[in-house]
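Have a look at the structure below before the remarks.
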Amino acid sequence: MKTKYIVLPLLCLSTAMAAQESKHHHSEDSTDVFFRHLQLNELTVTGVTGDTKLKHATSPVSIVTPQMIRATPSTNIIDAISHQPGVSQLSTGGSISKPVIRGLGYNRVVVISEGVRQEGQQWGDEHGVEVDGSSVGSVEILKGPASLMYGSDAMAGVVILHAQPTLAEGETRANVSSEYQTNNGLFGYNLSIAGNQQGFVWDAHYSDKMAHAYKNKYDGYVPGSQFRERAGRLMLGLNKDWGHSRITWVAYHLTPSIVEGERDEVTGELECNTDNVKTYGKSLPFQQVKHYKAVWDNSINLSSGYLKAIVGYQQNRRQEFEESADDYELFFKLHTLTYDLRYVTKEFCGWKLSTGIGGMYQKSGNEGEEYLIPDYRLFDFGIYSTATKSLGDRWTLNGGLRYDHRRLHGDALEEDGKERFVDFSRHFNGLTGSVGAVCNVDDHFNVRLNLARGFRTPNMSELASNGVHEGSIRYEEGNRQLKAEYSLQADLGLDFSSRYVSAQLALFANRIDNYIFTHRVPKVMKPGYLTFVYTQGDARLLGFEAGVDFHPVHSVHFSNSFSYVDAQLMNASADMKYLPFTPAPKWTSELKWELFHHSHTTINHQHTTDAAHRSLFNNLYLAVGVDCYFRQSHIYSADATETVTPGYALFNLSAGTDIQIKGKKIAELYITADNLLDKAYQNHLSRLKYADENRVTGRQGVFNMGRNITFKVVVPVRL
């Protein structure tokens, strides 16, 4: 089942809803959700200006609920949320995905996991997000500049990955789940146990996932697309009347092989470095990514509000093996310390205020034989304040200001008597803010308007790269004179809901000064590689997301969404007019039929209905959907940087149900068939699209995954 478009205030089921679900042990169908949207408006989102009720939020927010994550087949968490309108993924094979929000990605999107920024050398094309998807409870997606709360890099938006909520007092629960995918043989399982006894809370989680090479109709099996992922998480803490204090440890290991896309000139087949293309083992070249995290999260309740303090330490170890599985050529080691101290008041006289300070310290070192960026240190801090004012029952105003300072220092390096990197420092200062309003016209119609200024400093790759970037198959040169990016974005949102139809429209206009991108130059720095240098110019982005859901009868839903972004460089020639890697226009549609649903079923059999006792199935649904990606001809064509991508449509079928005995749920079962017609296609944001040409067929690059059927079972255990 594909995730639906969920926009304020209609279907936003944040972590508060996840907690409510954990208490009641059942989920309501979407028809009930539409009919009771006023109650959902009272839920709270955490990623806007402090904790904010949905009906008061002025900036666009989408939520992916726990049930949606469980029901959506994917190979990683970014893949799972990429079906949301306005959200895409820059992918490399099956295991590596980077979020793209409204046409902007890389260091312009901040990912929050366990309450802190996820930092893992995310500037690289083939550097994904080091988070175990099975440990994620729900996801908040902020679209548009969010520098006010998150500082530099949150120019495109923020992806907040929430863990499972803590259980209610006296509960202990375990969970076992497993899945299998037919195309790449993906097999995964995860085990978890959590509890709350007299305010002492804990949550332990372990997962393991492996996949061999995927296949499609044109390429057959794609060598190098196999991967192995293992992760563990442990949380211990106290929940008391005074607040909470929790410590979380996370370990994440990913071993993805690298798709090189080299072909036999006679047969056109992809060359393979292993005897068995369906092996689950690694094959050269491959990466070894290890990410460790420790987070201390505290919240203290005060008479006038609450004080929140969170400190996190992360270590990212990224190795690349090319010639031997025992000797790495490239090795980045990154240490990151983050901190955030925030005070949020209770509402008084219609006002709610928050203020805080946050920042991070980073140290990155090269421990391999090859170099791309220098060793560097980064220090930044920001101070911010926000205010929300309610004017009666209809109007809410909010806004705020933030000041940021960031300092980067790159170390010199001499190699074979030649200067590879010079010693340099850069300082950046940024003043950002936002102002917005929402008008609850009546119980069915809302209007939202927001104006925000974003800020992003150049990263070390953009400033000082000097070497071969194997993942991009090119030589990269940085530019130490780059300026910081600034954006000004306006958002207008219209939301309508009734018992039988729901519709949303979100429009945006974004102007970015000093937009940073790579440009090809004719000089050859290393034979066999094209040379690209970082430059910048002014850009503007216009677009919208629209969604409508018809539900004329209780059990049938027909949902549609469309997203579009037009991203252009200003004052540029025709072949350099459009920003590179802009997602193609996307339309998704799903017809869903809910066959059996007992919305008042509980685990306590004394309160279940007779029908629930007799039925083996609950929340049973069938769905048919289509994902239509239109032709993308708005490309950065200079020096063949990008090529036009034809349009295509993918048809999908899905079904799911709860299995229950005497009203007690014993399992959840999901079956999904993606790309049912086995369409051969290339997503415009797939980096494999630019691999070697098949000289036999004339087709360029490697194609995406073909037909894939996923089976998933989730077994809850109440202890």
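Between Phe379 and Phe381, the ring planes are tilted. Angles from 30° to 60° get that label. Below 30°, between 30° and 60°, or above 60°: for Tyr328 and Phe331 the angle between ring planes is above 60°, a perpendicular geometry. Between His212 and Tyr280, the angle of the ring planes goes over 60°, which puts this pair in the perpendicular group of the 30/60° scheme.
Taking the charged nitrogens against the carboxylate oxygens, Asp208 and Arg228 do have a contact shorter than 4.0 Å, which makes a salt bridge. Salt-bridge check for Arg402 with Asp404: passed, with a basic side-chain N closer than 4.0 Å to an acidic carboxylate O. Salt bridge absent: Asp340 and Lys308 never bring a charged side-chain N and a carboxylate O closer than 4.0 Å.
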* What do the steps show when you test Tyr180 against Phe711 for ring-ring contact (aromatic ring centres under 6.0 Å, His included), and what is the final call? -> CA-CA 5 Å; Tyr180 176 76; Phe711 302 88; 7.1 Å; no
* To do: Let me see the working for Ser207 and Asp132 under side-chain hydrogen bond (donor to acceptor under 3.5 Å, both in side chains), right down to the final yes or no.
  => CA-CA 8 Å; Ser207 69; Asp132 170 27; 2.9 Å; yes
* Mind running side-chain hydrogen bond (donor to acceptor under 3.5 Å, both in side chains) on Gln226 and Ser283 for me, showing each step along the way? => CA-CA 8 Å; Gln226 66 267 35; Ser283 64; 3.0 Å; yes
* To do: Applying side-chain hydrogen bond (donor to acceptor under 3.5 Å, both in side chains), run through Tyr384 and Thr432 and close with a yes or a no.
  => CA-CA 9 Å; Tyr384 59 91; Thr432 55; over 6 Å; no
* To do: Give the intermediate values and the outcome of side-chain hydrogen bond (donor to acceptor under 3.5 Å, both in side chains) for residues Glu119 and Asn316.
  => CA-CA 8 Å; Glu119 291 291 327; Asn316 185 274; over 6 Å; no
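Shown here is Trp296, whose CH2 atom has no more than 12 heavy atoms of other residues, nucleotides or ligands within 6.0 Å.
Val109 is listed as a side-chain neighbour of Val159, based on a closest heavy-atom distance under 4.5 Å. Between Thr386 and Met149 the shortest side-chain heavy-atom distance falls below 4.5 Å. Looking at heavy atoms from C-beta onward, Val201 lies out of side-chain contact with His244 at the 4.5 angstrom threshold. Two residues are said to be in side-chain contact when any heavy atoms from C-beta on lie closer than 4.5 Å; His127 and Gln122 fail this criterion. When side chains are defined from C-beta on, Val87 does not count as touching Ser62, because their heavy atoms never get closer than 4.5 Å. Side chains of Arg456 and Asn107 form a contact here, defined as non-hydrogen atoms less than 4.5 Å apart. Put simply, the side chain of Ile69 does not reach to within 4.5 Å of the side chain of Thr72, judged on heavy atoms.
Among residue pairs with one or both ends in residues 232-244, those qualifying as salt bridge (charged side-chain N to carboxylate O under 4.0 Å, His left out) are Glu114-Arg233, Asp203-Arg233; sequence neighbours excluded.
Using a distance-only test at 3.5 Å, with no hydrogens or angles considered, no donor-acceptor pair links the side chain of Asn708 to the main chain of Asn184. Of the possible donor and acceptor atoms, none in the side chain of Asp380 sits under 3.5 Å from a partner among the backbone N and O of Gly359. Put simply, the side chain of Ser152 gets close to the backbone of Thr457: a donor and an acceptor are under 3.5 Å apart. The backbone N or O of Glu130 lies less than 3.5 Å from no partner atom in the side chain of His291, so there is not a single donor-acceptor pair. Side-chain atoms of Ser225 come within 3.5 Å of backbone atoms of Tyr214 as a donor-acceptor pair (strictly under, hydrogens ignored). Between the side chain of Lys712 and the main chain of Ser177, no donor-acceptor pair closer than 3.5 Å is present.
No side-chain donor from either of Thr338 and Arg117 sits under 3.5 Å from a side-chain acceptor of the other.
Residues passing the side-chain contact (heavy atoms from CB on, under 4.5 Å) test with Ser192, sequence neighbours excluded: Asn175, His205. Partners of Tyr313 by ring-ring contact (aromatic ring centres under 6.0 Å, His included), not counting sequence neighbours: none found.
Note that the CG atom of Leu142 and the CD1 atom of Ile101 stand 8.0 Å from one another [nearest 0.5 Å].
Of the candidates Gln118, Gln362, Lys293, Lys363, Gln362 is the only one forming a side-chain hydrogen bond (donor to acceptor under 3.5 Å, both in side chains) with Thr336.
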